[in-house]
Amino acid sequence: MKADIAVAQWRMGRHAVEKQIMSLTEADLSKKLGGATNSVGFLVRHILEVEHFFTRMFFGVELEMKFKAVGQGITDTGEHTNLEELQHLAVSAEKIVEQGLRGISDADWETQMETRMGLMTKAEGLSRLISHTAYHAGQIGMIAKYGN
């Protein structure tokens, strides 16, 4: 039953960013704020890639995805301007995370595991994922509204 609670938390945390991504326009994707290096499109892609990455790392779902917005030395090259592709990836990412959450047994939520961020439980991983998504969703909202 812990998986049901986790999925409910995930959906609640994810709802706002999903709505935001689905309401963006192609023009919004290239917007930046001031001298910022990250565009709306890059940040959207980054959120979705992290969702995929965490699903593999914490929830054991193997994925075939080329990461373009996650990792050391990766910067915004202006290539993330295909709104339909990003929206499709957003729907896919939500389903993949939910699939991963549903695959965790009640006993496994508190088992510590070694990650790139140190020792963490799957419950802590979910918390980190939700907060990461919300953090960047706030950035996207500000850039889409005030950026150029």
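Counting from 1, the numbers follow the sequence of the chain as shown. Model, not experiment: these values are computed from the prediction. Side chains are part of it too, since the values below use all heavy atoms of this structure and drop only hydrogens, waters and symmetry mates.
In this pair, H46 and H136 present their aromatic rings perpendicular. The plane angle is above 60°, beyond the 30 to 60° band.
Of all the heavy atoms in A93 and R14, the pair that sits closest is CB-NH2, 3.9 Å. Of all the heavy atoms in W109 and T121, the pair that sits closest is O-CB, 3.4 Å. Closest non-hydrogen pair, A6 versus L126, comes out as CB-CD2, 3.6 Å. Minimum interatomic distance between I47 and A137 (heavy atoms only, all atoms of both residues): CD1-N, 3.9 Å.
Expressed to the nearest 0.5 Å, how far CG of L48 lies from CZ of F53 amounts to 15.0 Å. We find the CZ-OG1 distance between F42 and T37 to be 7.5 Å, quoted to the nearest 0.5 Å. A distance of 5.5 Å separates CG in L129 from CD in E51, rounded to the nearest 0.5 Å. Here CE of M22 is found 4.0 Å from CD of E18. Values are rounded to the nearest 0.5 Å. To the nearest 0.5 angstrom, T81 atom OG1 is 12.5 Å from D28 atom CG. In this structure, NZ on K32 lies 9.5 Å from CD1 on I143, to the nearest 0.5 angstrom.
R102 has a carboxylate O that lies under 4.0 Å from a charged side-chain N of D4, or vice versa, which qualifies the two as a salt bridge. We find that E98 and R11 are joined by a salt bridge, their nearest charged nitrogen and carboxylate oxygen being less than 4.0 Å apart. Using a cut-off of 4.0 Å between Lys/Arg side-chain N and Asp/Glu carboxylate O, E79 and R45 are scored as not salt-bridged.
Of the possible polar contacts, one joining the K31 side chain to the A144 backbone as a donor-acceptor pair under 3.5 Å is found. A donor-acceptor pair under 3.5 Å is absent between the side-chain atoms of S92 and the main chain of H88, judged by distance alone. Side chain of N38 to backbone of L43: no donor-acceptor contact under 3.5 angstrom is found.
In this structure the side chain of M113 reaches within 4.5 angstrom of the side chain of F58, judged on heavy atoms. Between M120 and Q112, the closest side-chain pair of non-hydrogen atoms is not below 4.5 Å.
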R56 and V61: CA distance, side-chain angles, deciding distance, side chain to side chain contact (heavy atoms under 4.5 Å, CB included) verdict: CA-CA 5 Å; R56 182 175 58 204; V61 177; 6.0 Å; no
Trace of the side chain to side chain contact (heavy atoms under 4.5 Å, CB included) decision for Y135 with I130: CA-CA 9 Å; Y135 174 79; I130 292 170; over 6 Å; no
Intermediate values then yes/no, side chain to side chain donor-acceptor pair (under 3.5 Å), T111 and D108: CA-CA 5 Å; T111 303; D108 202 24; 3.3 Å; yes
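The same ILVMFWY cluster, assembled from side-chain heavy atoms under 4.5 Å apart, contains both I140 and Y146.
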